[in-house]
Novice: 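Sharing a structure with you now.
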Amino acid sequence: MGLNAAQKIIKAHLAGGAMTPGSEIALKVDQTLTQDATGTVAYLEFESMGISRVKTALSVSYVDHNTLQTGFENADDHAFLQQFAAKYGIYFSRPGNGICHQVHLERFGVPGQVLLGSDSHTPTGGGLGMLAIGVGGLDIALAMAGSPFNLSMPSIVKVELKGRLRPWVSAKDIILELLRRLTVKGGVGKVFEYCGAGVARLSIPERATITNMGAELGATTSLFPSDEVTRKFLQAQGRGKAWKKVVADVDARYDEEVVIDLASLEPMVARPHMPDNVVPVKSVAGKKVNQVLIGSCTNSSYKDLMTVAGMLRNRKIHPEVSFGIAPGSRQVLEMISKTGALTAIVKAGARILEVACGPCIGMGQAPCTGGVSLRTFNRNFEGRSGTPSGQVYLVSPEVATASAIKGVITDPRALGRPVAVKMPARYVLDDSMIIPPAKDPRKVTVVKGPNIASLPVGEPLGAALQAEVLIRLGDNVTTDQISPAGAKVLPLRSNVPKLAEFVFSPVDPGFAKRAAAVKEKGMRGVIVGGKNYGQGSSREHAALCPMYLGVRAVLAVSFARIHKANLVNFGILPLVFEQPADYEKFEQGGAVTFPRIAAELAAGDLVTVDIVDKRYSCKARCELSPRERKIVAAGGILAFAGKCHPRDL
Ligand code: MIC
Ligand code: SF4
């Protein structure tokens, strides 16, 4: 029986386990990437492992998130990251060089390889036929230390793209359609592998838009085959030698199948406040728009910006719309300035923003009160824009630009002939903002600014656990709610005690103080959640900060993949209700005990949870491997430091 492309890459990198969906496997990691908002802590974790040089074939440290620099914190972090990279054998992409995923696709991605990134949109690399997976920083640190990456073998979903997209319908609409069908929890534990006749007509940036936003399905990753289109893209990037064919066997088997008839798609939009709240643009057309933003790792490529420029030529942005544009990389910016496209964008009335994540992570450009903001981004979680009442809609560059011209949500098909963009035979190649590691690491001093605090380390789990329910939440809680981003809070990413003050602040501003008071009493905290708890970002801070505040367990109906792994890494026990109806029994402020926690964990049994005041006892499942149970019992991976080599975890 033949293999699909994902299975082929997994097989070639298998360092342990059996390739049966759901069972734990270990994968050899070729490349890692970090960005600055997760990188500082990841490198502190690597440092604590006492290894002098990274063991990966390639590791790259990007600066793209915290570029607003309203104080010394971010600049200090950038300097630390640059020095750390030089000393430990990591390439450093300077601030201004671009968004990690866009630059990695252009300059480093290699078909058939395994890439781990401390950012949930790492699957962008799947556009090139890589197995690219978003993980927490500690998993990156372990990979850089030479450990294989442990994960649950995903099931592989075949997504067959039939036919041809109609004019004005774009790659963004394909992934929005999948989100409409499958929802933000529909991809958990799955890899989405694209195939079919429609694939050959999609350029690499279009494929990358789709694999990027596959993260919003909760998927482990998404990938396209590496074919002739991939070869041409790599050649145009001056990296033809990196090409390798990666395609599924003709008799490949998949665990599930989805078919999308491209010709049946139309321009789509994800309405506030969830990426799966998708409807056709025409059903919301005519709504007044206050802001339009083009950019983010989903839609900021040369192809995207040339499309925008083509639509704007000899047109003006509507006078009541603020229109911002953040190119994905310096290569993109240089190319659009060379072709004159930038001039068309400037003339139309655009605000040119820095080449970075920028407004996607609430770093500036917050919309007005209740403002309708159309964005080409991938996430529209409530409050993420920086304006709690902001109404963010996710759309393609075509829909965004048409709406910016008209001042109301507009189906671009109203604009006549679409713009045709020819993919370049050669991109502008200039890697001068990527600094290679130092030849002599002894000469590099790594300076930690005052905002870089030391990392808290967890404690071993006792035989029993006395705790208080600190909060009870609903379904689809995001890591943006657990540990928010934005201009005010992001600069504290390397200072856990300070960052912890903001845990759950968007939903419950009193949370941190309450948790600290419970900890003071010598008790631990429990969080109760619904389905898909912890979806969204890879930020391990959403586990690290609760751990710092004394949280020891999360009881939920189900978990998002990356957050669940982060909880384990920091010694917080993720538990699933054996009877989902038990969720109702837990109330904020109620005392709970786990009378036999250590023994039940070690034996692999159901975990007993007693709700003290109600004299009610229930069971919860611990869906973790024996290895993960040991890590949680020890208080997390860092609690192991010095006791064993990371490889042996
Ligand atoms: C995001 O888009 O939410 C981020 C900011 O890129 C995060 C990483 C982080 O929180 O630093 C992600 O997607 O993993
Ligand atoms: Fe940056 Fe936004 Fe992409 Fe996250 S989703 S990496 S914040 S551009």
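Counting convention: from 1, in listed order, for ligands and their atoms alike. As the structure is a prediction and not an experimental result, all values here were calculated from the model. Position 1 is the first residue of the sequence, and the numbers go up from there.
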Novice: For atom 10 (O) of ligand 1, grab the closest protein heavy atom and report residue, atom and distance to one decimal in Å.
Specialist: Arg539 NE, 2.6 Å
Novice: My understanding is that only one of Arg379, Gln535, His563 makes a side-chain hydrogen bond (donor to acceptor under 3.5 Å, both in side chains) with Ser120; could you say which?
Specialist: Arg379
Novice: Tell me, which protein residue and heavy-atom name are nearest atom 2 (Fe) of ligand 2, and how many Å apart are they?
Specialist: Cys360 SG, 2.3 Å
Novice: State plainly whether the residues Asp36 and Arg493 are in salt-bridge range, i.e. N to O under 4.0 Å.
Specialist: no
Novice: Heavy atoms, side chains only, cut-off 4.5 Å: are Leu138 and Met49 in contact?
Specialist: yes
Novice: Can you list the atoms of ligand 1 that are under 4.0 Å from a heavy atom of His65?
Specialist: 4 (C), 5 (C), 6 (O)
Novice: Which one holds for Asp64 and ligand 2: side chain close, backbone close, both close, or neither close, with close meaning a heavy atom under 4.0 Å?
Specialist: neither
Novice: Ring centroids only, cut at 6.0 angstrom: are Tyr548 and Phe570 within range, meaning strictly under it?
Specialist: no
Novice: Using 2.8 Å as a strict upper limit, say whether an N, O or S atom of Cys357 approaches atom 3 (Fe) of ligand 2 that closely.
Specialist: no
Novice: Taking N, O or S atoms only and a limit of 2.8 Å, check whether His121 reaches atom 2 (Fe) of ligand 2.
Specialist: no
Novice: Would you say Val554 and Phe559 make side-chain contact, with heavy atoms under 4.5 Å?
Specialist: yes
Novice: Is Ser120 in polar range of ligand 1, meaning some N or O pair under 3.5 Å apart?
Specialist: yes
Novice: In the protein, which heavy atom is nearest to atom 11 (O) of ligand 1, and how far is it?
Specialist: Arg493 NH1, 2.8 Å
Novice: With respect to Arg379, determine whether any N or O atom, backbone or side chain, lies less than 3.5 Å from an N or O atom of ligand 1.
Specialist: yes
Novice: Please identify which atoms of ligand 2 are closer than 4.0 Å to at least one heavy atom of His101.
Specialist: 6 (S)
Novice: Just let me know how Arg384 lines up against ligand 1, side chain, backbone, both or neither, with a heavy-atom cut-off below 4.0 Å.
Specialist: side chain
Novice: Write down the atom of Val41, the atom of Leu544, and the distance for their closest heavy-atom approach.
Specialist: CG1-CD2, 4.0 Å
Novice: Within ligand 2, which atoms have a heavy atom of Asp119 less than 4.0 Å away?
Specialist: 6 (S)
Novice: What protein heavy atom is closest to atom 3 (Fe) of ligand 2, reported as residue, atom name and distance in Å?
Specialist: Cys297 SG, 2.3 Å
Novice: Parallel, tilted or perpendicular, judged at 30° and 60°: which one describes the rings of Tyr427 and Tyr302?
Specialist: perpendicular
Novice: Looking only at heavy atoms, what is the nearest atom pair of Gly134 and Pro123, with distance?
Specialist: N-CD, 4.2 Å
Novice: With heavy atoms of Asn378 as the reference, note each atom of ligand 2 found under 4.0 Å away.
Specialist: 5 (S)
Novice: Is the number of heavy atoms from other residues, nucleotides or ligands under 6.0 Å of Tyr91 OH greater than 12?
Specialist: no
Novice: Which one holds for Asp119 and ligand 1: side chain close, backbone close, both close, or neither close, with close meaning a heavy atom under 4.0 Å?
Specialist: both
Novice: So which heavy atom in the protein is nearest atom 7 (C) of ligand 1, and how far is it from that ligand atom?
Specialist: Ser537 OG, 3.2 Å
Novice: Taking 4.0 angstrom as the limit and counting only heavy atoms of Ile361, give me the atoms of ligand 2 inside it, by number and element.
Specialist: 7 (S)
Novice: If you measure from the Lys or Arg side-chain nitrogens to the Asp or Glu carboxylate oxygens, is any gap between Lys448 and Glu47 under 4.0 Å?
Specialist: yes
Novice: Angle between ring planes, Phe108 versus His104, binned at 30° and 60°: parallel, tilted or perpendicular?
Specialist: tilted
Novice: Examine the proximity of ligand 2 to Thr298 and report which part, side chain or backbone, both or neither, has a heavy atom under 4.0 Å away.
Specialist: neither
Novice: Tell me whether ligand 1 is touched by His541 - counting only heavy atoms on the residue side and a distance under 4.0 Å.
Specialist: no
Novice: Please step through side chain to side chain contact (heavy atoms under 4.5 Å, CB included) for the pair Ile294 and Asn299, ending with a clear verdict.
Specialist: CA-CA 7 Å; Ile294 311 278; Asn299 278 119; 5.8 Å; no
Novice: For His101 and Asp119, run side chain to side chain donor-acceptor pair (under 3.5 Å): C-alpha distance rounded to whole Å, both residues' side-chain angles, the deciding distance at 0.1 Å, then the answer.
Specialist: CA-CA 9 Å; His101 309 302; Asp119 191 281; 2.9 Å; yes
Novice: For Thr38, take its heavy atoms, then give the atoms of ligand 1 lying under 4.0 Å from any of them.
Specialist: 9 (C), 11 (O)
Novice: Using the rule side chain to side chain contact (heavy atoms under 4.5 Å, CB included), only one of Leu33, Ile90, Thr34 pairs with Ser59; which is it?
Specialist: Ile90
Novice: Tell me whether Ser118 has any N or O atom under 3.5 angstrom from an N or O of ligand 1.
Specialist: no
Novice: To the nearest 0.1 Å, how far is atom 8 (C) of ligand 1 from its closest protein heavy atom, and which atom is that?
Specialist: Gln35 NE2, 3.1 Å
Novice: Under 4.0 Å from any heavy atom of Ser538, which atoms of ligand 1 are there?
Specialist: 12 (C), 14 (O)
Novice: At less than 4.0 angstrom from any non-hydrogen atom of Ala37, what atoms of ligand 1 do you find?
Specialist: 11 (O)
Novice: Can you report which non-hydrogen protein atom sits closest to atom 4 (Fe) of ligand 2, along with the distance?
Specialist: His65 NE2, 3.8 Å
Novice: If the test is side chain to side chain contact (heavy atoms under 4.5 Å, CB included), which one of Leu58, Asp30, Val29 qualifies with Gln113?
Specialist: Asp30
